[in-house]
Amino acid sequence: MGKEIDKIFDSFGQNNIFKDKVVLQSNHIPSEIPHRTEQIKQTASILAPVLRGERPSNLFLYGKTGTGKTLSMQYVRDELLKRTDGNPNFKLRIEYLNCKLKKVADTEYRILAELIKKMGGEVPTTGLPTQEVYSRFIDIIDKEKQLILLILDEIDQTVKKISSDFLYNLTRLNSELSKTQICVVGISNNLTFLDDLDPRVRSSLSEEEVVFPPYNAIQLQEILKQRADLAFKEGVIEDGVISKCSAFAAREHGDARRALDLLRVAGELAERDHSKQISLKHIDEANNKIEKDKILDVITSEPKQFQFVLNSIISLSEKKNITPLFTGDIYNYYRDLCLKNHMEVLTQRRVGDIVQEFDMLGIINVRVISKGRGGRMREIKLAINKDIIEKAKEITQKFLDHY
DNA sequence: CGAGATTCATGTGAAGTATACCTTTAGGCTTAA
DNA sequence: AAGCCTAAAGGTATACTTCACATGAATCTCGTA
């Protein structure tokens with residue numbers, strides 16, 4: 001036993017793939033951001049007034065996932081902080097918040113609570129009127145004279161739960177603040193997000209806009225090469241690996257984050273194989289692994305009723321092998337499942353909403369169809385491959401066996 | 001035969017309810033002077 | 001009398017339920033050719 005472990009750790013120690021893995025991790029901010037100079041310049045010049053202690057225009061960034069929005073914004077943020085750090089004349093705070101985080105920042109209340117926490121305050125998870133949380137937020141911000149830059153990432157994800165009044169209020173907070181000034185930077189993946197917004201909100205939230213176009217395959221290759229040189233030891237990358245990575249990512253609307261993840265995971269897999277090189281095979285494996293991990297992660301963190309519903313969908317589609325499932329079938333199966341396990345049964349209304357949420361998560365595909373006299377219903381298909389379905393079923397099954 | 005009415009099974013929005021938790025307040029008890 | 005604890009009152013966000021109306025195309029109806 002001891003020898004086995006020694007073997008594992010020893011071979012891990014003599015890492016022959018990575019030189020510096022950090023540069024491939026998604027939170028890493030490189031010193032150079034290729035092909036985004038124009039966007040960074042724009043952002044910087046819009047936000048530059050903060051350096052004189054003036055409030056800049058509210059700003060809105062949009063582009064698809066992995067086009068460097070967050071990265072560029074964080075780069076600009078760091079530069080701004082570098083220049084204001086230690087300046088006694090005014091204080092600059094830049095707070096970044098990702099609104100997509102389920103159960104953390106996906107409602108008005110929770111976003112405010114999260115912001116307060118970041119500013120060093122405390123707020124209970126429930127029980128307070130939102131208005132009260134709002135005014136606490138104002139209090140805590142307005143305690144001392146400062147300039148606040150609020151970066152709300154992926155606000156489009158929450159637009160259904162957040163009234164546009166909230167966004168409007170945020171952008172107009174300044175009138176309620178005496179010492180502090182605030183500026184809102186919104187980041188959105190959805191290019192049509194602004195169109196669905198109340199015109200008042202739109203005009204005040206996006207006084208300025210910066211668009212991030214997707215990278216093309218050539219640009220992706222350059223990005224990958226640059227980072228790979230830093231991350232990997234010499235010669236560990238087999239020919240064609242980089243171009244395959246970028247091809248994969250280009251297929252996904254030029255998602256650079258995806259490409260980098262691919263490369264990193266492929267490296268990890270190669271390391272685990274004790275290979276001397278990262279081969280094309282590793283890229284394929286990495287592609288599966290990433291997809292799988294991402295989905296399984298989401299499923300695992302879902303509450304039990306959601307797991308029951310998902311389990312019903314999986315079991316039903318396996319058992320009957322009818323690929324398009326319909327709402328009614330699923331609900332019946334789900335209800336039996338609950339009864340068998342002595343669980344409370346949710347209403348069909350609610351289950352319908354849960355199914356819709358799974359659709360949003362990309363685990364299933366849902367389409368409302370009308371079968372004429374046969375009624376109207378959702379047509380449901382699993383959107384994940386066999387391999388993942390197996391695992392997903394295990395997860396949800398585990399949940400089930402507890403009862 | 002074809003236009004319009006009907007129908008089915010669920011979609012969907014709004015309003016209501018249950019739960020878990022928060023603050024405030026008033027009373028009761030303890031304590032120290 | 002001041003200070004502290006407790007419990008009740010009054011209030012909220014969130015997840016879920018209830019109620020009522022909306023949908024959209026296959027099917028039916030019925031007047032017409």
Side-chain angles (χ1 to χ4, degrees), chain A residues 97 99-140 155 157-167 169-170 196-198 298-313 316-317 320 322-339 341-361 363-381 396 399 403:
Chain A
L97 184 63
C99 304
K100 194 176 68 178
L101 300 172
K102 216 182 171 190
K103 305 275 179 183
V104 177
D106 60 350
T107 66
E108 219 168 299
Y109 186 99
R110 301 213 258 240
I111 286 178
L112 284 168
E114 200 59 24
L115 288 173
I116 291 174
K117 212 190 284 171
K118 278 183 193 283
M119 310 296 278
E122 261 310 320
V123 119
T125 50
T126 174
L128 290 186
T130 306
Q131 199 49 49
E132 170 65 20
V133 181
Y134 187 77
S135 51
R136 282 196 193 186
F137 177 61
I138 291 177
D139 283 351
I140 202 163
I155 20 175
Q157 297 284 327
T158 59
V159 71
K160 283 185 191 90
K161 286 190 184 170
I162 299 179
S163 68
S164 34
D165 283 348
F166 172 67
L167 287 176
N169 281 341
L170 263 190
D196 308 333
L197 238 47
D198 188 312
V298 172
I299 294 176
T300 313
S301 60
E302 224 55 40
K304 63 181 173 185
Q305 288 290 3
F306 283 59
Q307 305 241 358
F308 270 66
V309 174
L310 186 61
N311 188 275
S312 306
I313 297 175
L316 211 51
S317 67
K320 294 202 176 175
I322 18 170
T323 353
L325 263 46
F326 302 106
T327 317
D329 307 332
I330 286 171
Y331 185 69
N332 289 336
Y333 191 95
Y334 159 82
R335 199 186 40 219
D336 291 348
L337 199 64
C338 284
L339 291 176
N341 289 282
H342 311 290
M343 280 280 307
E344 53 201 316
V345 184
L346 298 184
T347 48
Q348 183 152 359
R349 178 73 182 79
R350 180 62 186 147
V351 172
D353 282 350
I354 291 175
V355 167
Q356 225 175 6
E357 288 198 42
F358 277 128
D359 180 42
M360 301 252 264
L361 290 171
I363 294 171
I364 57 180
N365 284 327
V366 164
R367 197 160 58 103
V368 180
I369 54 159
S370 175
K371 293 169 76 93
R373 204 137 201 225
R376 231 163 81 90
M377 58 195 75
R378 289 199 177 91
E379 183 189 81
I380 297 158
K381 281 187 206 158
T396 55
F399 230 102
Y403 294 85

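Since this is a predicted model, take the numbers as computed values, not measurements. Below, read A as the first sequence line, B as the second, and so on, with proteins coming before strands; counting in each chain starts at 1.
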Indicate whether OP1 or OP2 belonging to C/dA25 is found under 4.0 Å from a side-chain N or O atom of A/Ser370. no

Which nucleotide wins on minimum distance to the side chain of A/Gln348, given the candidates B/dT10, C/dA15, C/dA13? B/dT10

Presence of A/Arg378 side-chain N/O under 4.0 Å of B/dT12 phosphate oxygens OP1/OP2: yes

Using a heavy-atom cut-off of under 4.0 Å over every strand shown, decide if A/Thr125 touches base, sugar-phosphate, or nothing. nothing

Checking A/Tyr334 against A/Gln348: is there a side-chain donor and acceptor pair closer than 3.5 Å? no

Would you indicate whether the side-chain heavy atoms of A/Lys117 and A/Val123 approach each other to under 4.5 Å? no

With a 4.0 Å cut-off on heavy atoms, is A/Gly328 in touch with a base, just the backbone sugar-phosphate, or nothing at all? sugar-phosphate

Using a 4.5 Å cut-off on heavy atoms from C-beta on, say whether the side chain of A/Phe308 contacts that of A/Asn341. yes

Among the candidates C/dT12, C/dT18, C/dC16, find the nucleotide nearest to the side-chain atoms of A/Thr347. C/dT18

Atom CD of A/Gln131 to atom P of B/dT23: distance rounded to whole Å? 17 Å

If you look at every strand shown and take non-hydrogen atoms under 4.0 Å, does A/Gln356 touch a base, only sugar-phosphate, or nothing? sugar-phosphate

Closest of B/dC22, C/dC16, C/dT14 to the A/Arg110 side chain is C/dT14

Rounding to an integer number of Å, can you tell me how far A/Ile369 CD1 sits from B/dA9 P? 14 Å

Suppose we call a contact any N or O donor and acceptor under 3.5 Å apart; does that hold for the side chain of A/Arg349 and the base of B/dG13? yes

Residue-phosphate contact under 4.0 Å: A/Thr327 side-chain N/O, B/dG11 OP1/OP2: yes

Per atom distances to the A/Arg136 side chain, the nearest of C/dA15, B/dT23, B/dA20 is B/dT23

Distance in angstrom units between A/Tyr109 OH and C/dT12 C1', rounded: 8 Å

Are the charged groups of A/Glu132 and A/Arg136 less than 4.0 angstrom apart, N to O? yes

Could you state the CG-P distance from A/Leu112 to C/dA13, rounded to the nearest angstrom? 11 Å

Start at the 5' end of DNA chain B and walk down; is the nucleotide closest to A/Arg376 or to A/Arg373 reached first? A/Arg373

Examine distances only and state if a side-chain atom of A/Thr327 and a backbone atom of A/Arg378 form a donor-acceptor pair shorter than 3.5 Å. yes

Round to a whole Å and report the spacing from CD of A/Glu357 to P of B/dT12. 14 Å

Do the side chain of A/Gln305 and the main chain of A/Glu344 share a donor and acceptor less than 3.5 angstrom apart? yes

To the nearest angstrom, how far is A/Lys304 atom NZ from C/dC16 atom P? 10 Å

Is A/Val351 touching bases, backbone alone, or none of the nucleic acid, heavy atoms closer than 4.0 Å? nothing

Which of the following nucleotides, B/dA20, B/dT23, B/dA9, is nearest to the side chain of A/Met377? B/dA9

A/Asp353 CG - C/dT14 C1' separation (whole Å): 14 Å

Nucleotide B/dC22, atom C1' - distance to CD of A/Glu132 in whole Å: 10 Å

